Amino acid sequence: MMKFKQILFLYIVLTFPLFTSFVPVPIKSGIQTIVIDAGHGGKDGGCVGSLANEKDIALSISLKMGAYIKEAFPDVNVIYTRKEDVFVELAERAHIANKNKADLFICVHVNSGQKAAFGTETYVMGPTKSEANLRAAQRENASILLEDNYQERYEDFDPNSTESYIIMTLIQNAYLEQSREFAAKIQKQFSERVGRRDRGVKEAPFLVLHQTTMPSVLIETGFITNEEEQRFLVSEIGQDYIASAIYRAFKEYKIEIDEKTGITAVAKEIKGAPAKEIQSHEAIKPSSVATTMGPIFKVQIATTSDQLELIPDNFRGLKDVEVYEAGGLYRYTVGKATSFSEAASIREELKEKGYIDAFVVAFLDGKRISVGEATRLVKN
Ligand SMILES: [Zn+2]
């Protein structure tokens, strides 16, 4: 015999799409209020890395992103689900967005997986057939297990039961299209302006997205389990890059949505918000942007007193030769590596091309530093 609660729940699940199809999405006047949700917090550390916990990275990125948005659009009401290291229940996060009638809900998280996995992905609420997507949702939904009385609050929802997810995804998401559009803009910014690997826009049953009544996305900003990516995510500049990418996606999205309601949104010029012009081949390694923050190792191949033009003919056919000046001499280098061993293997190749005296040099923020110091910085 079915319990009353189950019958009631099934009734709601089966009839809800009928009702929603007759209730038009209310026309609002553009994007006025957004809620930024830094994942986890307090006793819920999220994914654990060797350098940091997910909760801290998510909070830093969220605060930076919110600051950029506020600077560019002072009239936008930017609300945070948390601004410090505190535990906030999943239902409360969604409630904050709903009660403030937010026009957009942005959740910031960090991924975990196998050591080799890296890149960013942005989720919208929806069903999934992918094991990996479901695992990501299960992991994030498991935060409720740290809440008191979660069984009551989430109507017996079990983060580890597939049935719970089937029921959850029966309810149609009125904001799916808009959520997807915003998610696509975020992924585009990540890959084209920050050089992150684009793992795509995905759908999965995330409880926190499910409970909100506005376009919403959950961003996995990178893998804490990938050594290079973790270093990027804990660094100030890495967080600036990620935050500014989301900010620029927001700017595009707001301008588009506002336009549909007859408003012309204008973003103020803002300071910071770094971006790169990424060549397509750069975006395939986790270290592609890491090279702009930590020390860089290069291989020095030649020195001259008069500057040579940087063309292959002058360097035994080598392309991408760079020059720096020191002690009145022009010094030519090849390669950009994030570790000494990577640079050493470039040196071996150069020796085979005839540069038998080639040696490894190191730079930090464009300034030459000793290889020993650079190696220490990499280790830290
Ligand atoms: Zn998370």
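Everything numeric in this text was worked out from a predicted model, so none of it was measured. All ligand and atom numbering here is 1-based and tracks the order in the structure.
Residues F250 and Y68 keep their aromatic ring centres 6.0 Å or farther apart. Taking the six-membered ring for Trp, F182 and Y253 have ring centres closer than 6.0 Å.
Salt bridge annotation for E147-R153: present, with a cationic side-chain nitrogen under 4.0 angstrom from a carboxylate oxygen. Taking a cutoff of 4.0 Å between a charged side-chain nitrogen and a carboxylate oxygen, E229 and R197 do not qualify as a salt bridge.
H109 contributes ND1 as its N, O or S atom closest to the Zn ion (ligand 1). Atom OE1 is the N, O or S atom of E140 at the shortest distance from the Zn ion (ligand 1).
Taking 2.8 Å as the threshold, E54 counts as a candidate ligand of the Zn ion (ligand 1), since one of its N, O or S atoms lies below it. Here C47 fails the criterion, with no N, O or S atom under 2.8 Å of the Zn ion (ligand 1).
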